[in-house]
Every structure is written in C-alpha cells, then in structure tokens.
Amino acid sequence: MKVLLIRGNPRKTGLTQQVTDRFLKGVLASGADVTDVDAVALAIEPCTGCYTCWAATPGHCIHDDAMKDLLPVVRAADVIVFSTPVNYYAMSGSLKTFIERLFPFFAPGIERSARGYFRNRCRYPADFGRKKLITIVVGSLRHLDTFGPVNETFRLIADSLDMQIGGQLTRPESYLLQFTRSKPKTVRLIEQAFVDAGMQAGTTGCLSAQTMEQAAQSLSVDDRHFETYSNIYWDRAIRMGAAANLASLRECISREPAILMREMARSVDPKATARVRAVIQMDFPDQDLHYRLTVDRGQCDIREQPTPEPDLRITCNASVWVDFMLGQLDLHEALRGRQIVVEGDKALFTRLGRFFPPPS
Ligand SMILES: Cc1cc2nc3c(=O)[nH]c(=O)nc-3n(C[C@H](O)[C@H](O)[C@H](O)COP(=O)(O)O)c2cc1C
C-alpha cells in the first residue's frame, strides 16, 4: 500500500503534528510504503487560475516548483492523507494551496460525480477511482458541528477528484490533550486511536467507525467543564508569558489544583456515596484556595469558596495535595509530619479513597 501523507500544520510542536505523528507510527507499523510531505515547508506557488494546465499544456502547470515532482507521487498513491489544524472552520492555507495545485488532475468538460454533483472531468480516472482519502483535522473547540464545514469540504474534494473517503479523524478540544495526568486514561485512548487509524490506513485504506469515534471522544464531560478548563489553561498561559509553550503548559496544567479538584468531584463514585451526605472543605492556604465539596447521595458539587463548619476539613499546601492525587506522596507520612492536617470527621477522611477514584 502506498500512503502519501500531506501535513498542512505550521506549528511543528503543535497538537496536529502530535496526533499525525501517532498516525504515521501506525502506518509505518503496518509496513506500508509512506511518503511524508510537509506542505508548509514546500512553499509552493499558489494556483493562479490561468487554466494553462487544461488547454495550452494539458496536465502541466505553469509553475516550476516542488509540485512538479509531487504530482506523480499523488497519482501513484493508494491512500492520500490530509492533516490540518482547523483555522476559522477551514483547513490551513498551506494545505489549501497544495490542494489547489492538484488542478492539472482535472480536464476540461463536465461530468457527474459519485454523489451526483457536476464536476470537472477527471484526467486520470484509472488512477483516482481506486484512491482513498483520509483526513485528520484538529481544532481547539468542542462542538463537533463546527468541524462540519472542513470535513464536508474534504468530502466534496474527494468526490470531485473521484476518490473515496477512507475515513475522517476529527480531534476537537485539542488543548485538553495536554491533560495527560488529570485525564490519563482518556488521553491514552485517544492517542492510541490515532496509531490504530494509521495501521488501518496502511493495511486497508479505510478507518473503522469505532476508531474514528475513539479519536473524537470528548475530554470534557460537558460544555461547562470545557469552558472552565479552557479558561484555566489560557489563564495559566498568560501568567507564564514568554515561558508559555505546549511543553511547559502541559507540565503546569498537569499539576493544576483547580482542574484536579474538579476532576475529583466529577469522578465521585455514585455507588460508594449513595448514602452519604457530607460537606468536605479543602483549604490550600499557600495559594489562598478553598474548595467546598458537597457530597449528596451519589453526586458531588464543587464550589471555589470557604465553608465555616464543614463535616471534614483538610488543610495542606496545594502541591502536597497534587502529589497525593497523582500518587506521588505517602499519605501516612504526610499525616504524621502534619503536611496534611485533617479536622472533623476522621472516619469520613478514611473513606475518601473509595468515594473519589483516581483520575481517569
Ligand atoms: C488562525 C487560527 C484560527 C483558528 N480557528 C479555529 C477554529 O475555527 N476552530 C477550532 O476548533 N480551532 C481553531 N483554532 C485553534 C487551532 O485549531 C488549535 O490551535 C489546534 O490545536 C491546532 O493547531 P496546532 O496543531 O498548532 O496545535 C484556530 C487557531 C488559529 C491560530
């Protein structure tokens, strides 16, 4: 299987690059023959719309640049993969420029596409009819509807060039992929979906519905969590200023009490707390942070505010609690050394591990 990967992402440390690298890992593991092209680095000329490639020099463009060598590679590929960040609900400019330069593959005249639309004639129908198109789109927003336009554009492009869609990988909430410690299992599942997709692309050229669903699965439980987590993320980025990059932010956000505490509340075990009604106060005096967790028969509400008379009060430095939540602290030693101070219902404290399972 010949797989041609075209990357349209300008940021080489970015999240599109990261998930596409995982996809590539899968393609390589499948044993397929891969060509990995960075459309941004190609710096090709844009299509001028002169139609010279249709009439004066059929199949040949006026520009003498990297596309000259790439057009035969596109023709020969069994699977083409377009990878792009979502920019203003669309593909990136570099990928769009690359796709526009595929214009010599059309010939003058009109015919019907597989979807029943009019399109220009396909110059090399034998090469394109068997080709699969797979797309990878990565955006920071949550609502999948907003990824509809870019995905539909790719479907129309495939239809116009007489290619079949082999699968579409959509990754929303891209920044939440940075939550490797507060959402460890879900992030791992998503990352694995991209490797699996690459493997499927390299073997059959078609992605399974299950893999596409796994790649697109939500990292935030609802809109409210997405909004809160995104705002915390960008607030930390602003505070870091010039030091903010994806790696430093991942480290910072992994140890963010505001997120870990919300994940703790969200992960409350409804069975273990089915008959529990209690107010737990967490105080982090070093950061002047106070969380009130109200456990009420299977549910847990969290508020960032102090409570005068909770059933249980836990006081410690935020970093101590973060270490504990991430499994990096011996609780008994921390209690003995009074790094963590527990007041009120001590029996309730001993049951917290059952009420709040580790981050998933
Ligand atoms: C100019 C610009 C426009 C963007 N428009 C959107 C958008 O319409 N929808 C969206 O979900 N994300 C949008 N984003 C966010 C990117 O998709 C996001 O940063 C994502 O992680 C992909 O970029 P990356 O590969 O550099 O990380 C935009 C980012 C930029 C810089």
Side-chain angles (χ1 to χ4, degrees), residues 5-26 36-43 46 81-99 134-157 168-180 182-183 186-187 190-191 193-195 197-198 212-213 215-238 240-254 259:
L5 167 61
I6 310 291
R7 302 186 193 234
N9 56 305
R11 186 162 66 149
K12 297 308 166 206
T13 56
L15 297 149
T16 311
Q17 183 84 351
Q18 288 176 25
V19 297
T20 306
D21 282 347
R22 288 185 194 280
F23 179 90
L24 178 62
K25 194 173 147 191
D36 184 1
V37 174
D38 180 0
V40 181
L42 287 179
V81 184
F82 289 145
S83 169
T84 181
V86 182
N87 285 354
Y88 294 107
Y89 313 101
M91 72 181 85
S92 69
S94 308
L95 183 58
K96 184 77 185 340
T97 302
F98 179 93
I99 293 173
I134 291 174
T135 57
I136 302 174
V137 304
V138 180
S140 59
L141 301 180
R142 179 170 201 267
H143 296 133
L144 284 173
D145 284 358
T146 64
F147 293 72
V150 62
N151 280 329
E152 172 63 358
T153 300
F154 283 131
R155 286 193 290 275
L156 286 167
I157 288 169
Q168 296 198 283
L169 291 162
T170 305
R171 182 57 240 158
E173 302 176 321
S174 58
Y175 288 95
L176 302 195
L177 285 174
Q178 297 266 84
F179 289 31
T180 47
S182 37
K183 295 285 210 178
T186 320
V187 169
I190 292 166
E191 290 174 345
F194 280 89
V195 179
M212 289 188 277
E213 210 172 287
Q217 75 177 283
S218 194
L219 276 157
S220 56
V221 274
D222 52 28
D223 284 359
R224 190 169 56 84
H225 276 82
F226 173 73
E227 205 173 335
T228 307
Y229 288 3
S230 300
N231 289 336
I232 292 171
Y233 183 92
W234 285 108
D235 177 66
R236 300 306 175 263
I238 291 164
M240 286 172 99
N245 57 48
L246 281 176
S248 62
L249 273 164
R250 183 166 51 243
E251 194 45 40
C252 163
I253 217 75
S254 297
I259 288 169

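In each ligand, atom 1 is the first atom listed, and ligand 1 is the first ligand listed.
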key: S220 and E173: side chain donor to acceptor below 3.5 Å   = yes

Residue, atom name and distance, where the atom is the protein heavy atom closest to atom 20 (C) of ligand 1 = S174 OG, 3.4 Å

Nearest-neighbour protein heavy atom for atom 8 (O) of ligand 1, which is reported as residue plus atom name and distance = Y89 N, 2.8 Å

request  = Quick one: look up the protein heavy atom nearest atom 27 (O) of ligand 1 and list residue, atom name and how far away it is.
outcome  = R11 NH2, 2.7 Å

query = So, are E227 and R224 salt-bridged, with charged N and O less than 4.0 Å apart?
reply = no

inquiry  = Just to confirm my output: which protein heavy-atom neighbour is closest to atom 5 (N) of ligand 1, and how far is it?
reply    = Y88 N, 2.8 Å

message = Tell me the protein heavy atom at minimum distance from atom 31 (C) of ligand 1, and give that distance in Å.
response = N87 OD1, 4.4 Å

task = Run the numbers for me: atoms of ligand 1, each under 4.0 Å from some heavy atom of V138, listed by number.
result = 17 (O), 20 (C), 22 (C)

ask   = Are a donor atom and an acceptor atom from the side chains of S218 and R142 found within less than 3.5 Å of each other?
value = yes

ask   = Should V40 and R7 be marked as a side chain to side chain contact (heavy atoms under 4.5 Å, CB included) after you check the CA-CA gap, both sets of side-chain angles, and the distance that decides it?
value = CA-CA 7 Å; V40 181; R7 302 186 193 234; over 6 Å; no

ask   = Just by distance, with hydrogens left out, do N231 and T228 show a side-chain donor and acceptor under 3.5 Å apart?
value = no

key: Side-chain donor/acceptor of Q168 to backbone N/O of N151, under 3.5 Å   = yes

message = Using only atom types and a distance under 3.5 Å, with no angle test, would you say the side chain of T135 pairs donor to acceptor with the backbone of F82?
response = no

Aromatic centroids of F194 and F23 separated by under 6.0 Å = no

request  = Assess T146 for proximity to ligand 1: is some non-hydrogen atom of it under 4.0 Å away?
outcome  = no

ask   = Does Q18 use its side chain to pair, donor to acceptor, with the backbone of T13 at less than 3.5 Å?
value = yes

ask   = Under a 4.0 Å heavy-atom limit, does S140 contact ligand 1 with its side chain, its backbone, both, or neither?
value = both

key: Atoms in ligand 1 with a heavy atom of Y175 nearer than 4.0 Å   = 19 (O)

task = Report, in ascending order of atom number, the atoms of ligand 1 lying under 4.0 Å from any heavy atom of T16.
result = 22 (C), 23 (O), 24 (P), 25 (O)

task = Any atoms of ligand 1 less than 4.0 Å from a non-hydrogen atom of P85? List them with their elements.
result = 22 (C), 23 (O)

ask   = Between F147 and ligand 1, is there a nitrogen or oxygen pair with a distance under 3.5 Å?
value = no

remark   = Ranking N9, V150, V86 by closest non-hydrogen atom to atom 16 (C) of ligand 1, top hit is V86

